[in-house]
Structure formats: structure tokens, C-alpha cells
Amino acid sequence: MAGSVSFFFFLSLLFISSIHVESNGEGYISLDISNKGLDFMKEFLVEMAETSLVPLDLPKIEKSKHIPIIGTVHMVLSNISIDNIHVISSTVKAGDTGIVISVSGAYANMTMNWEYSYSNWLFPIPITDNGKASIQVEGMDVGISFNLTNVQGSLMLSPLDCGCSVKDIFIKLDGGASWLYQGLIDAFEGRLSSAVENAVSKKLREGIVKLDSLLQSLPKEIPIRNIAALNVTFVGDPQFRDSSLVLSINGLICAKEAYTAPPYHHLFASLEHLLASIPLKDPASMVTISLNEKVLASASSVYYDANKMHWIVDKVPEQSLLNTAGWRFIVPQLYRRYPNADMNLNVSIYSPPHLIIREHQIDLTVHADVVINVLNSGEVTPVACFSTSVSGSASPWISNNNLGGSIGLDELSLSLKWSKIGNLHVSLVRALISTALRTVILPYINIKLSRGYLLPTFHGYMLQNANILCSDSWIKISSDVASVNQLFIS
């Protein structure tokens, strides 16, 4: 693949892109959602419930009541609708059996039509009246508990209990005879309360069923640039703790055409084994994402197998390095044969890059063949091939929602595989390349990396106050989540 990215710039991209790809990578990906994170999710769900529950239509209510002198009055309430619900206070907690969300002190506004009719021996022709009414529901308490289980790699949401209770209902009639106002309250207050309680509970259960259906419909694989597929099936049941909910994702990256979901018993022994090996959780953050270095190894292997680690390098920060004049004192015979000729480098990595996560950094070793091509009279002439081994380290960081880092070169080894221009002084070539790396190319790359790359948003939300830590085979990101609008306003 032709391009203008140098081999050494590729080194930096691999460091940074591997950190990005790992969240899509092989091995274990664990999400530890703290009570703070659950509270954020609760606020999101409560806000959804406030809008999705309304308008909520209640069934018609009919009742007959005997009133002295008047006789038997037949009363009907129809077009009963809850128009809005306002939640004052809510809590969420993860327990041994599931997640419990409690709402207390909510109130609702309702409207309805009312009518009555009566007749007696004094008035054989029925007398009727009708009008509208506004209703204020106060002291509404709602409790809902549900469980999360793993069913063939998908999360299944099942309600355990759901209930609603109403403390007070206040009815204000519009139209009709006001002298029947108290009679309507006495006749219908209890039934209206029960109707509200039953309707809200039923609607919430239906909402859980819809949410479960949505979870079941989520894809079990995510394509990555038409090259690979990320296995996002869940491994093991979610773990409920006193202060958090823990989810584990398979995270295996395979070549897209070869993707198959592996049996779960062939993965790691259990989620408990995974959790025992994850270092350092920040309880002050909403979510802690932990990624194993096998994630990086998987991404490296898939991209290598897809022949995506081959480059034609024709531009570098110090362009004189790609002209034979820049090599005349190191490889004089190259300059004599092709004076002032432009060159490019054909870089081919011949084994998947090896990555190891250590304390505070990611170590990387790359083995590649570098063929020197001379561009002579419009023809590309290969003149020499070197086998290289480059090892370095990257230190990633997150600041102000930007992902950045720095790269250091640890070691460069070089050997000549073949040459069409005679014997070459490999030690001199190595010294030139090493000097160029340390004094020109890496400083240039680190300036670029120091500016950082803005982290992407997800449905209007993004990470806030995120921290990244490398520690003993794991990368851990602890972060809060906030809406993009909230961040911009603040």
C-alpha cells in the first residue's frame, strides 16, 4: 500500500491505535460500574420513564351511588389520562439478586371527562350532566427490581418485582353541578388511585420487556474497518456487589470472514478469576474499563494476517534522508551509481508486533524488512534490503477528553539481507537511522502526540475526568460520563 507515512511514524500510530483498538480487542474487557455510575444510569432511565409513561390512558370507571332524596346516580369517568409525571427523589442499588430502583414522592397530573345521570319517581325523564376534571396525584412511590443474566452471550433483563402506590388524589371539577363534587370524590378516589397504581406498574413492566428485547437484539459482533470482527458477547453472568455491577465481554478479534463465537468454557475459567487479576479500581469514578494485553496481541495478529502492515514510505520529516545525496558518505557507491536520485522505502513487517503492558507504559517490538528503492528515470530499482528490529515504549495519557502519549526508542538492530550495490557498512547505516530516529523523527511524532486526539462521543455522551493506567498486563480507564451539552455549558 503506497503512502506517505514513514515506517517510524507507523511505529507511533501502532502504539496509539493499539490503545484505541484494544477496547475492541481480544482477551478480556471488563466494565466495573460503580454505584455512582449506576446512579447516572438511573437518572437516564428515570428521565426516559417520565417521558415514555405519558400520556398513559386508564380504563373507563363506572359506578352507581345512592344519594338520599336524589336517588341512584350512575357516574362514569372516561378519557382518563396521565399527562405528565414528575420524579422528585430516586435511588438505585445493586444487591445480591439484582438492581433495585426506588422512586419516592413523585406527583402526576391527570385529566378526565365525567358524567352522571339519574332518575326517580319524581323525575321519570333521566337528568344528566357532564364536564371535565383535572386531577393532582401526590405521594407516588414506585419500586422496581430486575435481574441481569447471560443467555448465550447476550444480557437478559427480567423483572423481579414492580409496584406503585399513591398517597393522595385531588380532583377539581369543571362544569356540571358543583353540589356533586364531594360525592364524586367519595365514589372514585379509591378506584382512581388503584387505576393509577395498576397502570403505572403495568407500563413499567412493559418497558422492561421492551428494554430486554433491545438488549437481545444488540449485535454479537462489531465489524472493524471491513477487516476484523469484534466479539462482544458477554462472558459469565453479571456480578452484583455492594458498590458496583461488573460486566465481562469476550472481546475476541478475529478476521471478519473467519468470525465464529467460541464456546464460553474455552475462555478463561470464570469471571471471578478475571476480577481477581484486575488491579486498582477507582471507586470515585462511574465506570472502570479494564483491558488485557491479549486485546492488543489480537489486533496485531489480525491486521498482520490481513496484510495491512506493508508500506511504501516516500515522505519523512527530514526529506533529505530519501535522496542518495544524503547517503553519499555512508554508502558512497549508492551515490556514485545513482547521483541525487530520490528513494523510497518498502517496509514489510514479517511477524505480528509484540506488545507487553508494564507499569505505566506499553512495550512494543517490531520486526520488519526494509527494502531501499531508487527512483531512477521513472523506474523503481531495489538496491538493498535490511532486516530490522525496533523496540520502544509508549506512555498513554488522557487529559481534558483528549487521548495522547509519548514514545521512546529503546533499541534498534539492523542486519543486511542482500545488496545489489556491494558490501555496506551496516554499523554506519544503523548509526544514521538511530540518530535520525532520536533527534528528528521521534521528537516530531511526540509533538503531534502531545496535542492529543479528542475522544469520540457516544449518543451525545462522552468521558469526563478520565484517567488511564498501565499496570501488569492490563490497561485500566477510570472515568465519569457526562452529556456533551453539559460539558460545553460548564
Would you check if the side chain of Asp129 reaches a backbone N or O of Tyr116 as a donor-acceptor pair within less than 3.5 Å? no
Closest approach of Tyr304 and Pro352, non-hydrogen atoms and distance? CD2-CG, 3.7 Å
In terms of heavy-atom contacts, does CE of Met156 have more than 12 from other residues, nucleotides or ligands at under 6.0 Å? yes
Can you tell if the side chain of Cys164 reaches within under 4.5 Å of the side chain of Ser201, non-hydrogen atoms only? yes
Kindly indicate, with the supporting measurements, whether the criterion side-chain contact (heavy atoms from CB on, under 4.5 Å) is fulfilled by Asp168 and Phe170. CA-CA 7 Å; Asp168 294 307; Phe170 302 95; 3.6 Å; yes
Any side-chain heavy-atom pair of Leu214 and Ser217 under 4.5 Å: yes
Pairwise distance CG(Leu31) to CE(Met286) - rounded to 0.5 angstrom: 14.5 Å
If we only count heavy atoms from C-beta on, is the Ile99 to Phe240 side-chain gap below 4.5 Å? yes
With no hydrogens and no angle check, just 3.5 Å: does a side-chain donor-acceptor pair link Asn109 and Asn84? yes
Give the intermediate values and the outcome of side-chain contact (heavy atoms from CB on, under 4.5 Å) for residues Ile249 and Thr233. CA-CA 6 Å; Ile249 300 173; Thr233 56; over 6 Å; no
Within a 6.0 Å radius of atom CD on Glu47, are there more than 12 heavy atoms belonging to other residues, nucleotides or ligands? no
Please answer whether the main-chain N or O of Phe234 pairs with a side-chain N or O of Asn150 as donor and acceptor at a distance below 3.5 Å. yes
Any side-chain heavy atom of Val232 sitting closer than 4.5 Å to one from Glu221? no
Output the distance between atom OG (Ser478) and atom CG (Asp32), rounded to the nearest 0.5 Å. 8.5 Å
Taking all non-hydrogen atoms of both residues, which atom of Ser193 and which atom of Ile169 are closest, and how far apart? OG-CD1, 3.3 Å
Verdict with reasoning, Asn113 to Leu77, per side-chain contact (heavy atoms from CB on, under 4.5 Å): CA-CA 6 Å; Asn113 296 335; Leu77 304 185; over 6 Å; no
Close side-chain approach of Arg358 to Ile356, heavy-atom, < 4.5 Å: yes
Do Lys132 and Thr111 get their side chains close enough for a donor-acceptor pair, meaning under 3.5 Å? no
Would a distance-only check, ignoring hydrogens and angles, find a side-chain to backbone donor-acceptor pair under 3.5 Å from Ser34 to Gly37? yes
When you measure from the side chain of Glu293 to the backbone of Ile357, do you find a donor-acceptor pair of N or O atoms at a distance under 3.5 Å? yes
Do we see a donor-acceptor contact under 3.5 Å between the side chains of His310 and Ser348? yes
Distance-only side-chain donor-acceptor flag, Glu359 / Ser471, under 3.5 Å: yes
Spacing of Met75 atom CE and Glu62 atom CD [to the nearest 0.5 Å]: 11.0 Å
Rounded to the nearest 0.5 Å, what's the gap from CG on Asn147 to CG on Leu155? Could you check? 10.5 Å
Give a yes or no answer on whether the side chain of Lys220 reaches the backbone of Gln152 with a donor-acceptor pair at less than 3.5 Å. yes
Quick one: pull up OG in Ser30 and CD1 in Ile289 and give me the separation to the nearest 0.5 Å. 9.5 Å
Do you see a donor-acceptor pair shorter than 3.5 Å between the side chains of Asp363 and Gln361? yes
Verify side-chain contact (heavy atoms from CB on, under 4.5 Å) between Ser300 and Leu355, making sure each step is shown before the conclusion. CA-CA 9 Å; Ser300 173; Leu355 302 106; 3.9 Å; yes
So which atom in Gln136 and which in Tyr107 form the shortest heavy-atom distance, rounded to 0.1 Å? NE2-CD1, 3.6 Å
Report the C-alpha distance between Lys42 and Ser90 in whole Å, list the side-chain angles of each, state the deciding distance to 0.1 Å, and finish with yes or no for side-chain hydrogen bond (donor to acceptor under 3.5 Å, both in side chains). CA-CA 8 Å; Lys42 177 262 300 180; Ser90 60; 3.0 Å; yes
Does Asp161 use its side chain to pair, donor to acceptor, with the backbone of Ile144 at less than 3.5 Å? no
For Ser104 against Asp141, the heavy-atom pair lying closest together: CA-OD1, 3.2 Å
Using atom types as modelled and distance alone, determine if a side-chain donor or acceptor of Asn446 lies under 3.5 Å from a backbone N or O of Ile407. yes
Can you spot which of Glu189, Glu138, Glu197 makes a side chain to side chain contact (heavy atoms under 4.5 Å, CB included) with Val166? Glu197
Ion pair present between Asp39 and Lys36, side-chain N to carboxylate O less than 4.0 angstrom? no
Just by distance, no angles: are the side chains of Ser64 and His74 close enough, under 3.5 Å, to form a donor-acceptor pair? yes
Are the side chains of Leu192 and Ile61 in contact, using a 4.5 Å heavy-atom criterion? yes
Looking only at heavy atoms, what is the nearest atom pair of Leu204 and Cys162, with distance? CB-SG, 3.7 Å
Might you point out which heavy atoms bring Trp397 and Leu449 nearest each other, and give the distance in Å? CZ2-O, 3.9 Å
In the structure I gave you, are the side-chain heavy atoms of Val151 and Thr149 within less than 4.5 Å of one another anywhere? yes
Looking at Leu463, is its backbone amide N or carbonyl O close enough to the side chain of Ser479 to form a donor-acceptor pair, meaning the two atoms are under 3.5 Å apart? no
Less than 4.5 Å apart, any side-chain heavy atom of Ile208 and any of Leu157? yes
How far does CZ of Arg191 sit from CG of Asn198, to the nearest 0.5 angstrom? 11.5 Å
